[in-house]
2 protein chains.
Amino acid sequence: MSKEDSRYILVKTMQSALQSKGLHGVGLNEILKTAGLPKGSLYYHFPGGKEELALAAIANAEQEMSRFLEQLFARFDDPLEALAAWIDSALQRIAASRFKLGCPLAAAALDCSPEDTDLLLALNGAFGNLRDLLTRQISRAGFPAEAAADLAVLVLTSYEGGLMMARAAGSTDPIERSFRALLSHVRLQQKEFANGH
Amino acid sequence: MSKEDSRYILVKTMQSALQSKGLHGVGLNEILKTAGLPKGSLYYHFPGGKEELALAAIANAEQEMSRFLEQLFARFDDPLEALAAWIDSALQRIAASRFKLGCPLAAAALDCSPEDTDLLLALNGAFGNLRDLLTRQISRAGFPAEAAADLAVLVLTSYEGGLMMARAAGSTDPIERSFRALLSHVRLQQKEFANGH
DNA sequence: CTAGTTATAGACCGATCGGTCTATAGAGTA
DNA sequence: TACTCTATAGACCGATCGGTCTATAACTAG
């Protein structure tokens with residue numbers, strides 16, 4: 001097993017742990033047991049311990065999410081269709097996990113103390129990148145810059161809030177409802193802007 | 001100091017702890033130190049320990065939120081103005097805490113394991129009540145039942161997601177942006193329904 | 001005053017936390 | 001084969017976790 005293999009296994013295991021139990025909800029021993037690796041490996045690859053591993057997991061989660069979104073936007077001509085496809089995949093993913101898995105970024109954001117500035121900075125960077133990505137694509141759908149930026153943030157916040165509520169509800173209903181409302185909004189507003197408002 | 005005093009202090013302290021550090025982010029000893037009470041008091045009032053205290057904090061948070069919303073909706077003729085006032089107060093609250101405090105419900109929802117069924121059930125109940133409250137009020141603003149329900153969930157998810165992102169960003173920007181987008185949506189759709197669609 | 005109940009008060013417990021340390025297996029190179 | 005460096009391997013540590021226990025202060029009822 002090469003260096004990169006173990007490192008990656010640890011990152012992915014931490015990512016899953018964040019999704020299902022939050023930052024302080026899992027212990028390192030449990031993570032290592034799941035990963036099938038000893039403590040020595042963890043502190044060899046991540047001398048900074050749990051926090052460094054969490055930062056790596058956050059970075060990886062953001063990268064996965066960004067790549068997935070970019071692929072979707074590349075596949076669909078209409079950015080709004082890509083958004084719908086994104087939500088669709090999120091619905092399937094969370095239902096397949098029996099509503100156990102949320103967003104690792106959100107979990108880390110709510111489970112750390114305000115003093116964990118490194119974590120919060122990393123999270124802010126991750127959310128900022130996703131927001132910018134969405135803003136760019138929503139602009140492509142014919143929205144002016146400011147409206148697109150606001151809308152991108154609304155998409156992101158309702159996605160995160162929807163995932164959180166779906167986990168609590170044990171149902172995809174919150175995500176479905178909020179995105180139905182959101183899309184009907186976007187379509188309406190799109191017409192308005194198309195009419196020159 | 002009466003029985004109810006100590007009990008209430010513990011509940012409020014746990015509520016604050018959930019907001020700033022999440023369920024597993026604070027220890028009981030820290031909570032007791034903040035509350036200025038010994039361990040005996042905790043287990044006298046809450047024999048079920050940390051989980052029972054967390055459940056009480058969740059119930060209290062929901063009640064506070066519900067009451068606050070009901071008061072706002074009673075004060076404003078236009079439900080949408082009440083929503084705007086709600087967000088305004090949330091902005092002030094989170095900024096006043098220097099972006100340390102999130103929503104205790106969301107924090108608990110993301111920081112518990114999927115096996116904590118009691119917690120998840122309580123959270124689902126709390127979110128359900130808030131959703132129903134919002135649905136009722138949004139209906140009053142002239143929205144058909146289904147659209148109002150969808151919209152209520154969108155309001156709630158983007159509120160929760162917005163609080164979370166604001167905490168990570170150290171800025172009210174995410175909440176402001178998402179609610180600006182949301183309100184412009186609601187106004188537009190309101191016109192549509194008023195025109196008989 | 002006594003008995004009984006309520007509500008602290010905090011010492012104490014085993015388990016587990018994140019983290020450190022020494023030891024060594026194994027691959028690559030001379 | 002012997003040396004070296006990488007990457008485990010896991011025993012071990014003090015601190016802290018949530019939780020239990022006994023003791024007692026404070027108040028009420030008789």
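In what follows, chains are A, B, ... by sequence order, proteins preceding strands, each numbered from 1.
In the set D:dT8, C:dC17, D:dG19, the nucleotide with an atom closest to the side chain of B:Lys39 is D:dG19. For B:Asn29, counting side-chain heavy atoms from C-beta on, the closest listed nucleotide (C:dG10, D:dC17, D:dT8) is D:dC17. Counting only heavy atoms from C-beta on, B:His45 has its side chain closest to C:dA7 among C:dA9, D:dT8, C:dA7. Between D:dA7, D:dG19, C:dG19, one nucleotide has an atom nearer to the side chain of A:Tyr43 than all others, and that is C:dG19.
Side-chain N/O atoms of B:Lys50 include one lying less than 4.0 angstrom from OP1 or OP2 on D:dG18. Residue B:Ser41 has no polar side-chain atom (N or O) positioned under 4.0 Å from OP1 or OP2 of C:dA9.
In summary, of the residues considered (A:Asp88, A:Leu134, A:Leu72), a side chain to side chain contact (heavy atoms under 4.5 Å, CB included) with A:Leu83 occurs for A:Leu134 alone.
Side-chain atoms of B:Arg167 come within 3.5 Å of backbone atoms of B:Ser20 as a donor-acceptor pair (strictly under, hydrogens ignored).
The CG-P distance, from A:Asp116 to C:dG18, rounds to 13 Å in whole Å. Rounded to whole angstrom, the span from the CD atom of A:Glu30 across to the P atom of C:dA15 amounts to 17 Å. Note: CD1 (A:Ile31) to C1' (C:dG19) measures 14 Å, nearest angstrom. Distance, B:Tyr8 OH to C:dT8 P: 16 Å, rounded to whole Å. Atom C1' of nucleotide D:dC17 and atom NZ of B:Lys33 are separated by 16 Å, given to the nearest angstrom. As rounded to whole Å, 19 Å separates atom P of C:dT6 from atom CG of B:Leu37. Between A:Leu32 atom CG and C:dC17 atom P the separation is 11 Å, expressed in whole Å. A straight line from CG of B:Leu28 to P of D:dG19 spans 6 Å, rounded to a whole angstrom.
Between B:Leu37 atom CG and B:Leu42 atom CG the span is 8.5 Å, to the nearest 0.5 Å.
The residue A:Gly49 sits close only to the backbone: its heavy atoms come under 4.0 Å of sugar-phosphate atoms, none of a base. Nucleic acid contact class of B:Gly40 (heavy atoms, under 4.0 Å, all strands): base.
Under a cut-off of 6.0 angstrom, the local environment of CZ in B:Arg98 is sparse, with at most 12 non-hydrogen atoms contributed by other residues, nucleotides or ligands. The environment of A:Arg187 atom CZ is dense: over 12 non-hydrogen atoms of other residues, nucleotides or ligands sit within 6.0 angstrom.
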